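Remarks on the structure that follows.
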Amino acid sequence: MKATLADPKILKSSIDAISNMIDEAGVIVSQEGIALRAMDPAHVALVDFKLEKEAFEEYDVNETLTLGIDLDRLNTILKRAGSSDRIELSTSDDGGSLRITIRNSATRRFDLPLIDVGEEELRVPQLEFPAKVEIDPKILSEGIKDAEIFSDHVTLRCDAENLYISARGDLGNVEVKVSREEAVSFEVSEPCRSMFSIEYLKDMIKAGDIATTVRINLGNDIPVKLDFLAPGVSLSFLLAPRVESE
Amino acid sequence: MPLAEKKPSCEIVKAILKLRPMSRELCLACKGGRLLCGRPSCPLLARIKIRSPIERKLKESLFGPSPSIFVGWKGYPNVFVGPLTSVSEESPELYDDPARWYGLDFDEIIRMRSLLVRSKVRHHVAERSRIVEQAQEVALSVNAPDTEVQFERRPSYGISFSPLTQPLGPTAPLKKLTLAENPKIPKKVDALAGDEVSASFAATTLYREGYDVYYLTRVLSSGALGYEERRRLVPTRWSITAVDDLLGKALMREIHNYPVINEYRVYHNTYLDNHFEILLMPRRWEYEQFEAWAPNTLWTLALDKPAINIEHEGYHGRSSYAEQEGGGYYAARFAVLEALAKMRRQAGVVVFREIYEGYIMPVGVWEVRENVRQAFRNPYERFTTLGEALESLAARLKIPLREYLKRSTILRQSRLEDFIAKAGV
């Protein structure tokens, strides 16, 4: 296999968002592109990442491979790539490593040994979301940072007119309101709310860099699905809610 | 039974019971350890320093076995260091080995500790000298070598308390220390002390060889482990938590490889008015610990309601210090991880610690460690659902379960599979 990215940003930001939650995963490399689907150790979050072959400048893959990758290590390597560098992914000659070649004024080659990843069956809930709201990812990330001032969890709430990002704590409360007009798209069939851990959301919103919008799929006390979409790439997170107490 | 009803024989216990409430809420987070009030010493702890019963035996010199050393923290990096020497010949090793103290009551712990005289000399932590060598010999020795200690002046009698370290008895400035007997230092320990390996690696290796935390705390504290140029004396109180943390981290990496338990389990135990309920859940490692203080303990004299502190960490452990609970968090987490490693299993764990009014003086963080170790030696209950497990442990807790649930990070976080079951209904 050999795949070259002219712009490393998409891969860098996506792996940065994923690697804090998920330590290792089987990355599937096929003729269509590169895909990763995995759950975090606590089974609270699921990541679904696809980088289609169109996103690559050059994509030469003739077979389907599953590469067991230590994502934390991969992230450390990708962090070494600058925004004007080209990244080339391939397997090493003996097939035991993922080779990451960073090209600019010099050629830097990293070999990351592949690991055995157990074939864990992912049990993923099928959910219907009464609310689908698309907004600028910056609004979401700023809202979550606002919420963090007072709490370690945040409530996402929708009614017919607005999306609210709010938090309550012993030391104060905060609410961020995004109106129907301020959203990129806004479909809400019934009012809904769910509460989530900020620790997880803070990792997920690192993917904000790759997309101009994020779609928030929300329901009542069910997981939220965040879709970061850009041409040739889709990165979705499913996050289980916190149970609200009285 | 609260201690107040027991008609204590010990003068120290009587003195503590006479204490008046303080008006500082800082006390609970500090527990006399970090001096958050800005005073040079803890006024609450100072008030329970009273005469020790061994006054007669204290002279300007002492010949006796030294089971341990003590390194102070005030004035760091210029700290007090010196041996703890027993005025009694009878099983001196016991006096600094809390692994064997489980079951003793406050009076017995104080009596035992007051038999150890702490001699001290100011010393820079990184400086090498004859006294540091001697301290290391005492620390590394598995028996308590006979020592001859000459003091600058007769030791002042008293006993002092700390939330982290075991109570300390009489103290005097050290003039001269002579080891009258060769220390018994195990070969393995001697070899690792000579190796250029990290202190963390050395301590973990020794733990796996069967050396307990208390011995390792002493060895680490003496500055005998680690890379040569980084070796230094470590204040005893820091060494205790450092060993709990570094062994805990090693055990955490180990249990990450073990299968998850396949049921809910509840372990419990009460000792020295500290009650523990330990919930093991069939999921990968994560940890949460509640520390609920009744209103009338030493640190909550100013409160009229129970105070609940909480700390938690995820699968990979934590990188920030557990400020709310301090050393008690690391001690309990260590004992839990030790138990899981013995079972060769992993689990998600929630620890409920309730501290009752009878816990009138801090005896050191060993109480937490040994209490949790005992809980895992006791029979446990098994359940198929979380609800049943919580119901059972709630019946033994004094504070209503909802007070814990509303503060919990782990118990209030749902999991993705919870929504598969719902969809199937």
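Bear in mind the structure is a predicted one, so any value in this text is a computation, not a measurement. Lettering of chains follows the sequences in order, A, B, ..., and the numbering in each one begins at 1.
Heavy atoms of B/His316 lying under 4.5 Å from chain A belong exclusively to its side chain. For B/Arg415, the parts sitting under 4.5 Å from any heavy atom of chain A are the backbone and the side chain alike. Interface remark: A/Glu128 contributes no atoms to any contact with chain B (heavy atom separation under 4.5 Å). For A/Leu238, the parts lying under 4.5 angstrom from a heavy atom of chain B are both the backbone and the side chain. Contact annotation for A/Asp40: neither backbone nor side-chain heavy atoms come within less than 4.5 Å of a heavy atom of chain B. Heavy atoms of B/Thr409 lying under 4.5 Å from chain A belong to its backbone as well as its side chain.
Side chain to side chain, B/Glu288 and B/Ser408 meet the donor-acceptor criterion of an N or O pair below 3.5 Å. A side-chain N or O of B/Tyr207 and one of B/Glu338 form a donor-acceptor pair less than 3.5 Å apart. Side-chain contact annotation: A/Asp23 with B/Tyr315, donor-acceptor N/O pair under 3.5 Å absent. Side-chain polar atoms of A/Ser236 and A/Asp227 form a donor-acceptor pair below 3.5 angstrom.
A salt bridge does not link B/Glu286 with B/Arg284: none of the charged nitrogens is closer than 4.0 Å to a carboxylate oxygen. Salt-bridge formation is not detected for the pair B/Glu354/B/Lys398: no Lys NZ or Arg NE/NH1/NH2 atom is positioned less than 4.0 Å from an Asp or Glu carboxylate oxygen.
Interface check for chain B: of the options A/Pro41, A/Ala42, A/Ala45, A/Ser197, the most heavy-atom pairs under 4.5 Å are formed by A/Pro41.
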